[in-house]
J.: 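Take this structure, written in structure tokens, and hold onto it; I'll ask about it next.
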Amino acid sequence: MKNNLTFDVIIVGSGVGGATFTDYLLRKNPTLKIAILESGPHNTKENFNQREIDMTALYYNRGAVLSKNLQIGVAAGNTLGGSSAVYTGVSFRPPSSVIENWKNEFGLEFLSDEYVDKSLDEIEREISVHELPKSWDNDNNRLFQEGAENLGIPVKRLKINTKNCQQQGFCNLGCTTGAKQGTLEVQIPKITKLGVQIFCNTKVISVAENTINTIVLEAPEGTEPNTLENGSHQFTAKKIVLAAGVLNTPAILLRSAKLLGINNKNIGRYITLHPAFNINGIYHKNLSNYKGFPKTVYSDHFSKSDNFYLETSFYFPGVTAKNISGYGKLHQEIMKSYNRMMSILILTHDKAEYHNRITIDKKGNIVIDYTLSKDSKKALVKALQEATKVFFAAGCEQVLVPGSNKLPLTREDQKSIKNLISEKYLNLYKTPLSSAHPQGGVRMGIDKNKSVCDLSGKVYGTNSIYVCDASLFPTSVNVNPYETVMLLAKWVGENIMK
Amino acid sequence: MNPHFKQNIILISEIIVPKIHKNDALQYAFLKNFKHIFQGLEKDSSNKIKLLVIVIENLSFIYNFKSFNDLNFNERDKYINNLFEFPIGKIVGGLTGLRSLILISYYGIEDIWPTIQYDGPINNRVK
């Protein structure tokens, strides 16, 4: 064990939570000695080669993190910049109904309308959040609008955080031009200039008061070299801030419970995953939807009534193949139509439930113990039915959806959509259900019996351990979560030294 | 990846992506991608995949009264189809996870891209 790496504040994680926190901490406390520990390697935009196989390295476990029951896969970034290196940049403010619930039920009174609006105005300005012009809509986005409008479904334009985007369309494999204004381009260059030290490939094993136990792993080939020797290192700091994401932050606390002397039954509990299907229709002519910006529009029309959003999206051949049910000759025939495929992302709002949790196995490995609720299944089926209608209304000849007893569905099936897509055909062991928006697990709240962190982000029962990532969310925010993470990280960063 | 595991992965993958059946060049390219991802997995995950493959091998004796390696293509196809309907959900879930890994490995082969009219990375398009 190598010791004596001492700082005022150490942050675990360089994603939107950790890097935003550090940015705001430094604005009020510019002389602090700060370090960030990042479990992923130091990739720069020069490393992003737009190849699916290589770029799986940007994700935890190559993008193959499965729930304990093997029914849902969770994608989370594992590289400098965290998930902000691989998100599309879809920027939503938290819905006011969610904020009201967090204030009323969990006591997050600091989230006044004035604080939220002022903070997000500033954040959005700094990371260049804006609507993309209609002229940027590729065929997929154009057809989604046509289909929805034919059915009377209102469509809204998404806001994205990019600057000088070249519309290459490879956002989820890392942005090669640095147009995406994630932490890799905005906060990290800024805070490193101010003296923040970043240690990559540094996996946190456990934390105790003022102490972090880590292992520095070898830097993968082609990434920036480590500044520390490989092996065990102990860091000390006056304050420790966990921003390692929903998979890791609860797991670190669970591994550290004895060292910290805490026994909070809520650690890891109430996670939500925003369960998603990405589904495809086949149009009658070539579309090339993998070219151009993948997401410009969405519909929240079914959000209140049926608990889901529809967003546009488009993925590369491997992920698209994975998202289409089945295998064998029929599947390969279908994939020949890749260039004619239209695509819709279904995002369902799941409720925060006690039994859904992050836990650890005997070796301390992360276990996602999550069971899809009846309400979420109902929402998924309804969303699959409505998205199918949109595909056909947009002019698709065939539609490929899980939860159907027929693959593919054809135009003749339109009258029987309710019968052909139903819960009885939704075998979750066989469907490619996924999540890219895990939330909760280390709830913030005024009542220490119902939460894990207090309103400053400090873990109840500790003196020096704080949290500032999506695991703080008391419930699902129901939309793409990164702006809400930044909002909470700003709050914790501004107040931690008080 | 030892030779026995590799062989079993190919035998399963031929059912998921039949184009690699009896195609040495495609099998080589496929295995290169599969290995690249597999070796990057956390040990716990790669061990679970190895275990699943052993289960598939052993269940073959019960389902088919012969070893997995001795099944011809059609027998293997039927057997894998049966496993996707297996009463234990975790076997089906594991197989679905393996299917994802196989599909991503296969469609990551550059020679396959023209067959689905995918132009690949921007650098490829400039050439």
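Below, read A as the first sequence line, B as the second, and so on, with proteins coming before strands; counting in each chain starts at 1. Quick note: numbers below take in every heavy atom, side chains included, and nothing from hydrogens, waters or symmetry partners.
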J.: Look at B/E75 together with B/K78 and state whether they make a salt bridge at an N to O cut-off of under 4.0 Å.
T.: no
J.: To the nearest 0.5 Å, tell me how far A/I205 CD1 sits from A/T214 OG1.
T.: 7.5 Å
J.: Does the side-chain hydrogen bond (donor to acceptor under 3.5 Å, both in side chains) test come out yes or no for A/T359 and A/D369, once each step is laid out?
T.: CA-CA 7 Å; A/T359 183; A/D369 191 358; over 6 Å; no
J.: So if I take each residue of residues 42-65 of chain B and look for any heavy atom under 4.5 Å from a heavy atom in chain A, which residues do I end up with?
T.: B/E42, B/D44, B/S45
J.: Under 4.0 Å between a side-chain nitrogen and a carboxylate oxygen: does that hold for A/R51 and B/E110?
T.: yes
J.: How about residues 4-25 of chain B versus chain A: which residues have heavy atoms under 4.5 Å apart?
T.: B/I15, B/I16, B/V17, B/P18, B/K19
J.: Under a 4.5 Å heavy-atom cut-off, does chain B meet the side chain of A/S67, its backbone, both or neither?
T.: neither
J.: Go through the atoms of B/Q39 and report whether side chain, backbone, both or neither lie under 4.5 Å from a heavy atom of chain A.
T.: neither
J.: With a 4.5 angstrom heavy-atom cut-off, could you sort out which part of B/T115 is near chain A: side chain, backbone, both or neither?
T.: backbone
J.: Kindly assign one of parallel, tilted or perpendicular to the pair A/Y338 and B/Y118, based on the angle between their ring planes and the thresholds 30° and 60°.
T.: perpendicular
J.: Can you establish whether the number of heavy atoms outside B/K35 located under 6.0 Å from its atom NZ is more than 12?
T.: no
J.: Any donor-acceptor pair under 3.5 Å linking the side chain of B/Y79 with the backbone of B/F68?
T.: no
J.: Pairing donors with acceptors under 3.5 angstrom, does anything connect the side chains of A/T44 and A/N47?
T.: yes
J.: Would the number of heavy atoms belonging to other residues, nucleotides or ligands and lying under 6.0 Å from OH of B/Y28 be above 12?
T.: no
J.: Could you have a look at A/R340, A/K363, A/M335 and say which one has the most heavy-atom pairs with chain B under 4.5 angstrom?
T.: A/M335
J.: Could you label the plane-to-plane angle of the B/F38 and B/F34 rings as parallel, tilted or perpendicular, counting under 30° as parallel and over 60° as perpendicular?
T.: parallel
J.: Heavy-atom distance under 4.5 Å to chain A: side chain of B/Y106, backbone, both or neither?
T.: side chain
